[in-house]
Novice: 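Just passing along the structure, written as structure tokens.
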Amino acid sequence: MAGKIKVLDDHLINKIAAGEVVDRPSSVVKELVENSLDAGSRKIEVEIRGGGIDYIRVTDDGWGVAEEEMALAFARHATSKLKTEEDLWCIRTMGFRGEALPSIGAVSKVIMHSNNGEGGASITVEGGKIVSIKAAAAPPGTTVVVQNLFYNTPARLKFLKSKTTEANWVFRVTSQLALAHPEVMFSLVNEGRLVFKTPGRGDLKETAGAVLGHSWTKRLLELHKEAGEMRIHGLIGDPSFTYRGNRGQFYFVNRRVVQNRILARALQDGYQGFLVGQERPVGMIFVDVPSEWIDVNVHPQKTEVRFKDEQKIYSLVRLAVREKLSSLNDKGTPYFEILSLEENREAYDAFSSPSKKDANNDDKWSWLDEFDFKKTEPPEELFSGEDKEKEESNFHLLGQWASSYIICEIENRLEIIDQHALHERIIFDELQTAPGNLKGEELLFPLSVQLPPELMEAALENMDLLSKLGYRVEIMGERSLAIRQGPAVAKNREIEVLLAVLEDIEKKREREGVETSALTVVACKSAVKAGERLTLEEMNWMLKKWFMVPRSWRCPHGRPVSVSLTMKEIEKWLKR
Ligand code: ADP
Ligand code: MG
């Protein structure tokens with residue numbers, strides 16, 4: 001049985017490890033760009049073809065690699081960045097494992113040209129083997145070209161999505177890195193076309209504009225907050241500027257692009273009361289903390305970060321967001337009061353440890369058990385069938401509460417109606433029954449919008465649907481549209497509604513249900529929001545409409561429109 005245990009040879013180790021470090025073209029781009037950043041570059045160009053599967057090029061103007069070190073750069077666990085074990089715990093540079101180049105070299109054909117100021121050289125590596133190293137003229141800096149990614153690992157190749165999807169991932173990763181480094185001039189070229197180019201002047205807003213589209217910058221609010229050694233800054237969208245999903249969200253810890261559920265939760269919770277349903281905020285959140293507070297060494301791709309004190313980070317981010325949003329309200333009626341740190345702790349505990357939350361709820365909110373929302377939903381027969389006309393005269397409007405709920409009396413019941421959900425329902429029903437196309441309204445001044453590539457594509461492919469919705473748009477360039485006409489119901493919200501519809505189309509992919517879904521989006525975005533003051537006439541109009549639409553106690557997303565309380569229930573609470 002001798003000779004069964006073998007030390008794996010380097011080729012095989014690299015091929016196995018490659019799967020951990022690089023799983024798709026975007027992770028190759030990430031590793032290469034991080035190397036460029038570590039080399040002190042001020043200008044970084046990224047170019048891809050075929051979704052990055054066929055071709056990736058990253059060119060920088062950093063300090064380069066010497067000819068005699070080129071082979072070493074492709075050797076496993078060779079790094080110029082980590083010298084002692086202690087360094088692992090306070091990592092400042094991006095790369096530190098010395099894994100990227102050997103991993104990439106193992107699963108593709110890589111050519112690196114570099115000039116460190118003492119003459120240029122180039123190295124070619126294919127399937128983990130060095131094919132050649134030679135002196136070759138090159139401009140100062142480094143260019144790495146990666147071709148035929150995963151050509152020798154068919155299993156990996158099969159796992160990739162379409163070239164468009166892979167290109168979108170590259171767009172995402174390059175955007176993140178560009179936002180993390182506004183002082184560096186970034187450009188991304190896809191299939192020979194410039195996708196974005198940042199000015200590299202150190203201004204985050206300017207950079208965000210270049211990456212996301214300039215028409216959005218004026219809807220980004222600046223965030224600043226400090227507490228002890230913690231510093232938070234960044235940009236968040238005003239509440240009318242939202243996304244579905246988390247595409248508009250970027251998190252950075254000590255300038256490192258990260259994914260972190262604590263930060264995501266803090267941002268989302270910061271918007272509590274401002275957003276409805278599926279809406280997700282836009283935010284670029286930078287957290288700077290002493291490097292001993294975090295552990296980044298949890299994943300080979302280094303995107304996950306762990307905070308030693310999650311509670312502190314959560315509270316500060318959430319507070320920063322809420323303070324910013326509350327300062328926005330120009331109507332003089334606060335949307336909410338800023339929570340004390342004590343309350344912040346509760347909110348934090350509520351999601352971080354479910355058992356604790358349940359324990360809390362038991363003693364504090366026990367009366368909620370008796371309050372069964374399903375039971376208090378209006379009985380079906382009240383709002384459907386022939387009775388509806390008769391019911392119309394039976395409501396009595398009492399007023400609006402918290403600028404968000406219509407309070408009225410219906411048949412001896414106290415009705416608390418979600419104004420947004422109700423208006424959304426009314427608009428949706430009108431849109432659905434409108435024969436043919438939706439009514440469009442010519443704009444006095446055409447609006448121009450810049451779109452990220454995937455939304456631009458969605459627009460180009462769905463011109464028919466857009467015109468059915470009442471839009472008339474014109475293509476102005478690679479990434480911008482002019483809106484000349486918008487749906488009448490979306491008056492003054494034309495851009496927002498268009499973006500939401502395109503987001504929705506893009507997310508759905510398959511054709512089925514696209515039209516209904518688009519109508520839902522138009523209704524949602526056109527409806528009054530929570531926090532808007534309504535006049536008595538507006539509320540009366542909505543209530544009258546309410547009695548005319550069938551199945552009206554749910555909004556198009558399926559949320560209930562209202563809760564109602566009976567005298568009996570109220571008396572029970574008051575122990576009468
Ligand atoms: P790591 O970044 O973890 O050190 P890599 O495999 O990504 O490992 O890179 C290996 C080494 O190659 C780096 O430590 C660095 O010395 C050198 N290197 C790679 N890319 C560049 C670049 N663009 N400019 C200068 N040096 C580079
Ligand atoms: Mg690296």
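In each ligand, atom 1 is the first atom listed, and ligand 1 is the first ligand listed. Below, each value reflects all heavy atoms present in this structure, side chains not excepted, and no hydrogens, waters or symmetry copies.
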Novice: Can you tell me how far CG of N190 sits from CZ of R49, rounded to the nearest 0.5 angstrom?
Specialist: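 If we round to the nearest 0.5 Å, R49:CZ and N190:CG are 10.5 Å apart.
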
Novice: To the nearest 0.5 Å, tell me how far L235 CG sits from L179 CG.
Specialist: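 Rounded to the nearest 0.5 Å, the CG-CG separation comes to 8.5 Å.
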
Novice: Can a side-chain donor-acceptor contact be found between S27 and E31 if the only test is distance below 3.5 angstrom?
Specialist: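 Not at all, the side chains of E31 and S27 share no donor-acceptor pair under 3.5 Å.
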
Novice: Just jot down the ligand 1 atoms closer than 4.0 angstrom to any heavy atom of P102, in number order.
Specialist: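 The list of qualifying atoms is 6 (O).
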
Novice: What about E31: any of its N or O atoms under 3.5 Å from an N or O on ligand 1?
Specialist: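 Looking only at distances, the answer is no, because the N/O contact criterion of under 3.5 Å is not met.
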
Novice: From atom 18 (N) of ligand 1, work out which of V65, D60, L37 has a heavy atom at the shortest distance.
Specialist: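 Answer by nearest heavy atom: V65.
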
Novice: Could you work out, with side chain to side chain donor-acceptor pair (under 3.5 Å) as the rule, every residue matching Q249, not counting sequence neighbours?
Specialist: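 Once residues adjacent in sequence are excluded, the partners of Q249 under the side chain to side chain donor-acceptor pair (under 3.5 Å) criterion are Y251.
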
Novice: Do A100 and ligand 1 have an N or O pair less than 3.5 Å apart?
Specialist: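 Looking only at distances, the answer is yes, because the N/O contact criterion of under 3.5 Å is met.
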
Novice: Of N116, T142, L72, V144, which has the heavy atom at the shortest distance from atom 22 (C) of ligand 1?
Specialist: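 Looking at heavy atoms only, T142 sits closest to atom 22 (C) of ligand 1.
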
Novice: What are the two closest non-hydrogen atoms of G64 and T142, and how far apart are they?
Specialist: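 Distance-wise, the nearest heavy atoms are CA-OG1, 3.5 Å.
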
Novice: Which of the atoms in ligand 1, numbered in the order shown and given with their element, are less than 4.0 Å from a heavy-atom of A39?
Specialist: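 What qualifies from ligand 1 is 24 (N), 25 (C).
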
Novice: Determine whether any heavy atom of G64 lies closer than 4.0 Å to an atom of ligand 1.
Specialist: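 A heavy atom of G64 does come that close to ligand 1.
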
Novice: Could you list all the salt bridge (charged side-chain N to carboxylate O under 4.0 Å, His left out) pairs where at least one residue sits in residues 160-189, not counting sequence neighbours?
Specialist: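 Listed once each, the pairs are R24-E166, D54-K163, E183-R255.
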
